[in-house]
Amino acid sequence: MKALFGVLYIIGALKNGHRSTKDMWKSDSCNIDILKCAMSEKRFLFLLRCIRFDDIRGREERKKLDKMTHIRKVFDDFTMNCKKSYALSEYVTLDEKLQSFGGRCPFRQYMPNKPAKYGIKIFALCDSVNCYTSNLEVYVRTQPAGPYSVNNSAASITKRMVNIIYNSGRNVTMDNWFTSIPLADDLLKKKVTIIGTIRKKQERISYKANKNKIVILISTMHHDKQIAQVNKEKLKPEIIMDYNRTKSGVDTMDYMTENYTVARTSARWPLTIFYALMNIGGIN
């Protein structure tokens, strides 16, 4: 199994995630020699076909409580290790990523603004400085009544994702899907500040970047509309500068994982989630 994971990481590091296995293992100068040293193509495909992340015995009963039971333990263990292994900087980013998937899945999402359009939505909390991913949650729509049933409102998701930085004085940057004034007040009581874009009906500070674009933000880290200065030249409001500087943690992580993806085409959504964990683990 370690050899399998190693082969997947080599394929990803060489940006061959979308290359056919036949092409990578074929006997000519275009192959990847180190893959043959690890295992044969037949063995590689056999392991990917047979790999599972839970015991099929009792799965039907577990599914009555948890839609993600097929990979729940692996996912939770991975996330716990991410939380324990690194101390985040003072700025973190909360956003969503879409893991491309075209097969059958009870919680597959359609997101027209994403390149993949269809896939599994994963919320991620990342360090804004180096894009380390510290917390993850798969959006599975409504869970059955039981221990995994949670509130899927934007405010509840945000609180679950950022509870690891409560009482730390850190700042979280997020977009207008997550941000609201009541949420900002609640997090401030937990000694967590926010910078986020916000919808017009909740307007607090607005900034007209150009003739046709108005950006509306809320911040509990800033206390005025001070304009940032560089070499005595006035630029943008500090809230805008800080938002631009800290907003891209998850987007950068998503770009890097897709650029060096280990994912192979699969019709099984647990394997797709596992590929996402391998990608994030590699970046971390």
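FYI, side chains are in, hydrogens and waters are out, and symmetry mates aren't considered; it's all heavy atoms of this structure.
His222 meets the side chain to side chain donor-acceptor pair (under 3.5 Å) test with Ser219, Asp242; sequence neighbours excluded. Partners of Ser168 by side chain to side chain donor-acceptor pair (under 3.5 Å), not counting sequence neighbours, listed by chain and number: Arg170. In this view, Arg72 and Asp66, Asp76 satisfy the salt bridge (Lys or Arg N to Asp or Glu O under 4.0 Å) rule, not counting sequence neighbours. For Lys36, the side chain to side chain contact (heavy atoms under 4.5 Å, CB included) test picks out Trp25, Ser27, Asn31, with sequence neighbours left out. The side chain to side chain donor-acceptor pair (under 3.5 Å) check on Thr21 picks up Glu41, with sequence neighbours excluded. In this view, Asp33 satisfies the salt bridge (Lys or Arg N to Asp or Glu O under 4.0 Å) rule with no residue, not counting sequence neighbours. Legend: residues meeting side chain to side chain donor-acceptor pair (under 3.5 Å) with Lys73, ordered by chain and number and at least two apart, are Asp77. A search for side chain to side chain contact (heavy atoms under 4.5 Å, CB included) contacts involving Thr133 returns Ala124, Cys126, Leu136, Met253, Ile280, Asn284, not counting sequence neighbours. Residues satisfying the side chain to side chain contact (heavy atoms under 4.5 Å, CB included) test with Val150, not counting sequence neighbours, are Asn152, Arg160. Take Arg268 and apply the side chain to side chain contact (heavy atoms under 4.5 Å, CB included) test, not counting sequence neighbours, and it matches Ile51, Arg52, Ser266, Pro270, Leu271.
Between Phe107 and Tyr139, the distance separating the two ring centers is not shorter than 6.0 angstrom.
Minimum heavy-atom separation, Asn135 to Thr79: OD1-CG2, 3.4 Å. Taking every heavy atom of both residues into account, Thr179 and Gly196 meet most closely at OG1-CA, 3.8 Å. Scanning all heavy atoms of the two residues, the minimum distance from Tyr9 to Gly281 falls at OH-C, 4.1 Å.
Met174 has its side chain out of reach of Tyr243: every pair of non-hydrogen atoms, C-beta onward, lies at least 4.5 Å apart. Taking the side chain as every heavy atom from C-beta outward, Tyr166 and Leu187 approach each other to under 4.5 Å. A 4.5 Å side-chain heavy-atom check between Lys236 and Asn244 finds at least one atom pair inside the cut-off. Counting heavy atoms from C-beta outward, Phe44 and Leu35 have side chains that stay 4.5 Å or more apart. Put simply, the side chain of Ile218 reaches to within 4.5 Å of the side chain of Ile181, judged on heavy atoms.
Applying the salt bridge (charged side-chain N to carboxylate O under 4.0 Å, His left out) rule to pairs touching residues 176-196 yields Lys159-Asp186, sequence neighbours excluded.
Enclosure of atom CZ in Arg19 by more than 12 non-hydrogen atoms of other residues, nucleotides or ligands within 6.0 angstrom is indicated. For Leu14, the CG atom counts as densely surrounded, since its 6.0 Å shell holds more than 12 non-hydrogen atoms of other residues, nucleotides or ligands.
Hydrophobic cluster membership for Tyr255: Met256, Ile283 (Ile, Leu, Val, Met, Phe, Trp, Tyr linked by side-chain heavy atoms under 4.5 Å, directly or transitively).
A salt bridge links Arg62 with Asp54: at least one charged nitrogen is closer than 4.0 Å to a carboxylate oxygen.
With 3.5 Å as the limit, one finds no donor-acceptor pair spanning the side chains of Thr173 and Thr93. When only modelled atom types and interatomic distance are considered, Thr197 and Asn176 share no side-chain donor-acceptor pair under 3.5 Å.
In this pair, Tyr110 and Tyr118 present their aromatic rings tilted. The plane angle is within the 30 to 60° band.
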Exercise for the section: For Arg59 and Lys63, run side chain to side chain contact (heavy atoms under 4.5 Å, CB included): C-alpha distance rounded to whole Å, both residues' side-chain angles, the deciding distance at 0.1 Å, then the answer. Expected result: CA-CA 6 Å; Arg59 182 187 292 167; Lys63 281 170 63 177; 4.0 Å; yes
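Side-chain atoms of Arg141 come within 3.5 Å of backbone N or O of Arg108 as a donor-acceptor pair. The closest donor-acceptor contact from the side chain of Asn279 to the backbone of Val262 lies under 3.5 Å. A donor-acceptor contact shorter than 3.5 Å links the side chain of Gln143 to the backbone of Lys67.
Under the 4.5 Å side-chain heavy-atom criterion for grouping Ile, Leu, Val, Met, Phe, Trp and Tyr, Trp269 is connected to Leu8 within one hydrophobic cluster.
Screening Phe5, Phe75, Phe101, Phe78 against Phe274 for a ring-ring contact (aromatic ring centres under 6.0 Å, His included) leaves a single residue, Phe5.
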